[in-house]
Asker: 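Mind looking over this structure? Questions follow.
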Amino acid sequence: MFGKLGFIGAGKMGGAVARRLATGGYEVHVHDLDPAAVRRCVDAGAVAAGSASAAVKDAEVVFTSLPMPEHVLTTWSRIAPELAEGAIAVDVSTIDPGTVDRAAAAVGEYGHPFVTCALGKTPAAAENGAIPLFVGGPGEAVSALRPLFGRIGETTHEFESAGAAAMFKLISNLIGMTNVAVLAEGYVLARAAGITPEQFSAALADTGASSFQSQVRLPWLVAGDYEARFGVELAAKDVRLALDAGARQGIASPVAAQGLAQLLSAIAHGHGGEDAVAVAKVLDPRGRLLGSGETADE
C-alpha cells in the first residue's frame, strides 16, 4: 500500500476522489485554494496541506484535479522539482493531449512518470467509487497504481498512452454534452406540444433516444434543478478542446460544434455557473414551458 498521497485540487470531482481515497485508508494530503473544499476532505479523513509544496513533499503519488489545461501545466511545471524520488504524477483533470504531453515532459525532466486518469460520470457517483476511469501512461507506473484505481472507480479502461486517455475523455464529453443540447431541445418541444414531463420521461426511456444524459439530467431538468454538477462553462471548455484537437488533425465535428454553440449561448445568457442542462433555458427564456418562471432573458 502506498504511503503519503498528495492531492492538489479538491473541486467537485477532485474532492470526491480525494475523499474516496481518504476513506479507503490512504494518507491523503489535500491542497486547494478554497478552504471549504479542503475542510470537506479533512472531514473524511484527509490531511490539510497549506500549499502545493506541502501536499507533494514526500508523497509517493501526487494527483492534480484542476479546471483548465493551463492550470494543470502551470502546476506540474512548478512542483516537478519538488517531487520525491520515485513519485508518480497523476492527473485526473479533463485536458487535451497537447497539455498532457507538455506536463509529462515537465515531470519527465526530473525522472517522474506521468499518468492520465480521467474520470467519468458524476461527482455523486465518484463519492461512491461508482465511476469509470480512463487511464494511460507508462506501463510500470500504471501497474503500480492499480490498487488506487480500484479504490477510485469500478472500471478502469487502459489506453496506450496518457494522451489517448485524455482524448477519449474529451470525446466522451463531446458526445455527452451534445446529447444534452439536443435533449433540452426535445424536452422544450415536447412541453410546447402539451406533453407532460412525466409522459415525456417515461416514453423516452422506451426509445432509442434514451441515454445516460436522459437518465441522469432529464429529472433535473423536469425539476428545474440547475445545480452545477457539471457546469456549462466546464462543458463548453471540454467540447472546445475536443473540437480543437480534431481540427488539428483535419477532422470536422459539425454536430458537436453546434452543441458548443448552444453551450456558449447559455454562458452569454448568464447560465455559465449552472449545470449543463441549463442550455434549455436559452430555448425557453421566460420559463413558460420549463415551468421555472425565469424572466431574466427577455
Asker: What's the spacing between R39 CZ and D34 CG if we round to 0.5 Å?
Answerer: 8.0 Å
Asker: Is there a donor-acceptor pair closer than 3.5 Å between any side-chain N or O of S214 and the backbone N or O of S211?
Answerer: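 Here the side-chain-to-backbone pair exists.
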Asker: Let's go through E60 and E85 carefully: what are the C-alpha distance in whole Å and the side-chain angles of both, what is the deciding distance for side chain to side chain contact (heavy atoms under 4.5 Å, CB included) to 0.1 Å, and is it a yes or a no?
Answerer: CA-CA 8 Å; E60 296 182 34; E85 183 177 354; over 6 Å; no
Asker: Taking the side chain as C-beta and beyond, is there a heavy-atom pair between I152 and I131 under 4.5 Å?
Answerer: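 A side-chain contact under 4.5 Å exists here.
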Asker: Is there a side chain to side chain contact (heavy atoms under 4.5 Å, CB included) between R78 and L73? Walk through the geometry before answering.
Answerer: CA-CA 9 Å; R78 180 164 55 85; L73 184 57; over 6 Å; no
Asker: Within this structure, what is the OG-CE distance for the pair S93 and M13, rounded to the nearest 0.5 Å?
Answerer: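 The distance works out to 11.0 Å.
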Asker: If you link I, L, V, M, F, W and Y whenever their side-chain heavy atoms are under 4.5 Å apart, who else ends up in the same group as V56?
Answerer: I8, V62, L66, V72, W76, I79, L83, I95, V100, V107, F114
Asker: Just by distance, do the side chain of N179 and the backbone of A181 share a donor-acceptor pair under 3.5 Å?
Answerer: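 No; zero donor-acceptor contacts below 3.5 Å.
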Asker: Which pair of heavy atoms, one from T64 and one from T75, lies closest together, and at what distance?
Answerer: CG2-CG2, 4.1 Å
Asker: Within the distance-only criterion (no hydrogens, no angle test), does the side chain of D275 pair as donor or acceptor with the backbone N or O of R229 below 3.5 angstrom?
Answerer: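 Yes, the answer is positive, given that a donor and an acceptor are paired below the 3.5 Å cut-off.
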Asker: Apart from L234 itself, what residues make up its hydrophobic cluster, given side-chain heavy atom links below 4.5 Å?
Answerer: M167, L170, I171, L174, I175, M177, V180, F230, V232, V239, L241, L243, L260, L263, L264, I267, V279
Asker: Just by modelled atom types, is the A118 backbone N or O under 3.5 Å from a matching donor or acceptor in the T116 side chain?
Answerer: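 Not confirmed, T116 side chain does not pair with A118 backbone.
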Asker: With heavy-atom distances below 4.5 Å as the criterion, would you say the side chains of E82 and K57 are in contact?
Answerer: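 With C-beta onward as the side chain, the pair stays apart.
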Asker: Consider only side-chain heavy atoms of I, L, V, M, F, W and Y, link residues closer than 4.5 Å, and tell whether L289 and V277 are in one cluster.
Answerer: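 Yes.
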Asker: Got a second to check how far L133's CG is from K121's NZ, nearest 0.5 Å?
Answerer: 11.0 Å
Asker: Could you tell me which non-hydrogen atom of G45 sits nearest to which non-hydrogen atom of A22, and how far apart they are?
Answerer: C-CB, 4.0 Å
Asker: Does CG in N128 sit with more than 12 non-hydrogen atoms of other residues, nucleotides or ligands closer than 6.0 Å?
Answerer: yes
Asker: About how many Å separate OH of Y226 and NE2 of H271, when rounded to the nearest 0.5 Å?
Answerer: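 Here the interatomic distance stands at 8.5 Å.
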Asker: Take the angle between the ring planes of F200 and Y187 and call it parallel below 30°, perpendicular above 60°, tilted in between.
Answerer: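 Ring orientation, 0 to 90° scale: perpendicular.
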Asker: Report yes if the side chains of L283 and E185 come closer than 4.5 Å at any heavy-atom pair, otherwise no.
Answerer: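 SC-SC contact between L283 and E185 confirmed.
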Asker: Keeping the roles fixed (side chain from K281, backbone from A266), state whether a donor-acceptor pair exists under 3.5 Å.
Answerer: no
Asker: Go through F2 and Y26 one step at a time and tell me if the ring pair (Phe, Tyr, Trp, His ring centres under 6.0 Å) criterion holds.
Answerer: CA-CA 7 Å; F2 287 104; Y26 291 97; 7.3 Å; no
Asker: Looking only at atom types and distance, does a side-chain atom of R191 sit under 3.5 Å from a main-chain N or O of I195, one as donor and one as acceptor?
Answerer: yes
Asker: Is the shortest distance from a Lys or Arg side-chain nitrogen in D244 or R248 to a carboxylate oxygen in the other one below 4.0 Å?
Answerer: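 Salt bridge: yes.
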Asker: So do the side chains of H269 and P285 get within less than 4.5 Å of each other, counting heavy atoms only?
Answerer: no
Asker: Between L5 and L21, is a side chain to side chain contact (heavy atoms under 4.5 Å, CB included) present by the stated rule, with each step listed?
Answerer: CA-CA 9 Å; L5 307 179; L21 290 169; 4.1 Å; yes
Asker: Shortest non-hydrogen contact from I88 to A144?
Answerer: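 Answer, listing the atom of I88 first, then A144: CD1-CB, 4.2 Å.
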Asker: Would you say L148 and V90 make side-chain contact, with heavy atoms under 4.5 Å?
Answerer: no
Asker: To the nearest 0.5 Å, what is the distance between CZ (R217) and OG1 (T122)?
Answerer: 8.0 Å
Asker: Walk me through whether V135 and H157 qualify under side chain to side chain contact (heavy atoms under 4.5 Å, CB included).
Answerer: CA-CA 6 Å; V135 171; H157 301 274; over 6 Å; no
Asker: Check the hydrophobic clustering (I, L, V, M, F, W, Y; side-chain heavy atoms under 4.5 Å; chains of links allowed) and say if V222 and L183 are grouped together.
Answerer: yes
Asker: Under a 4.5 Å cut-off applied to non-hydrogen side-chain atoms, are L218 and W220 in contact?
Answerer: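 No, their side chains stay 4.5 Å or more apart.
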Asker: Can a donor-acceptor pair be found, under 3.5 Å and without considering hydrogens, that links the side chain of H112 to the backbone of A87?
Answerer: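 Flag set: sc H112 to bb A87 pair under 3.5 Å.
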Asker: Looking at P35 and L33, what are the two nearest heavy atoms and their distance?
Answerer: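 Minimum heavy-atom separation between P35 and L33: CD-O, 3.3 Å.
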Asker: How close do K4 and A55 get, heavy atom to heavy atom, and via which atoms?
Answerer: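 Heavy-atom minimum between the residues: CE-O, 3.2 Å.
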Asker: Mind jotting down which residue pairs meet the side-chain hydrogen bond (donor to acceptor under 3.5 Å, both in side chains) criterion with at least one end in residues 133-152? Sequence neighbours excluded, please.
Answerer: T23-R151, S143-R146, R146-E158
Asker: A16 and A126: which non-hydrogen atoms are nearest, and at how many Å?
Answerer: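 Taking every non-hydrogen atom into account, CB-CB, 3.7 Å.
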Asker: Could you tell me if the side chain of D91 sits less than 4.5 Å from the side chain of V115, heavy atoms only?
Answerer: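 The answer is no, as the side chains (C-beta and beyond) never meet within the 4.5 Å cut-off.
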Asker: Take the angle between the ring planes of F134 and F159 and call it parallel below 30°, perpendicular above 60°, tilted in between.
Answerer: perpendicular
Asker: Counting N and O atoms only, with roles assigned by atom type, does the side chain of D32 sit under 3.5 Å from a partner on the main chain of A10, one being a donor and the other an acceptor?
Answerer: yes
Asker: What's the separation between atom CG in L119 and atom NZ in K12, rounded to the nearest 0.5 Å?
Answerer: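 It comes to 14.5 Å.
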Asker: Heavy-atom distance under 4.5 Å between the side chains of T94 and K237, does that happen here?
Answerer: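 Of all side-chain heavy-atom pairs linking K237 with T94, at least one is under 4.5 Å.
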Asker: Could you point out which residue of R20, R40, R19 forms a salt bridge (Lys or Arg N to Asp or Glu O under 4.0 Å) with E127?
Answerer: R19
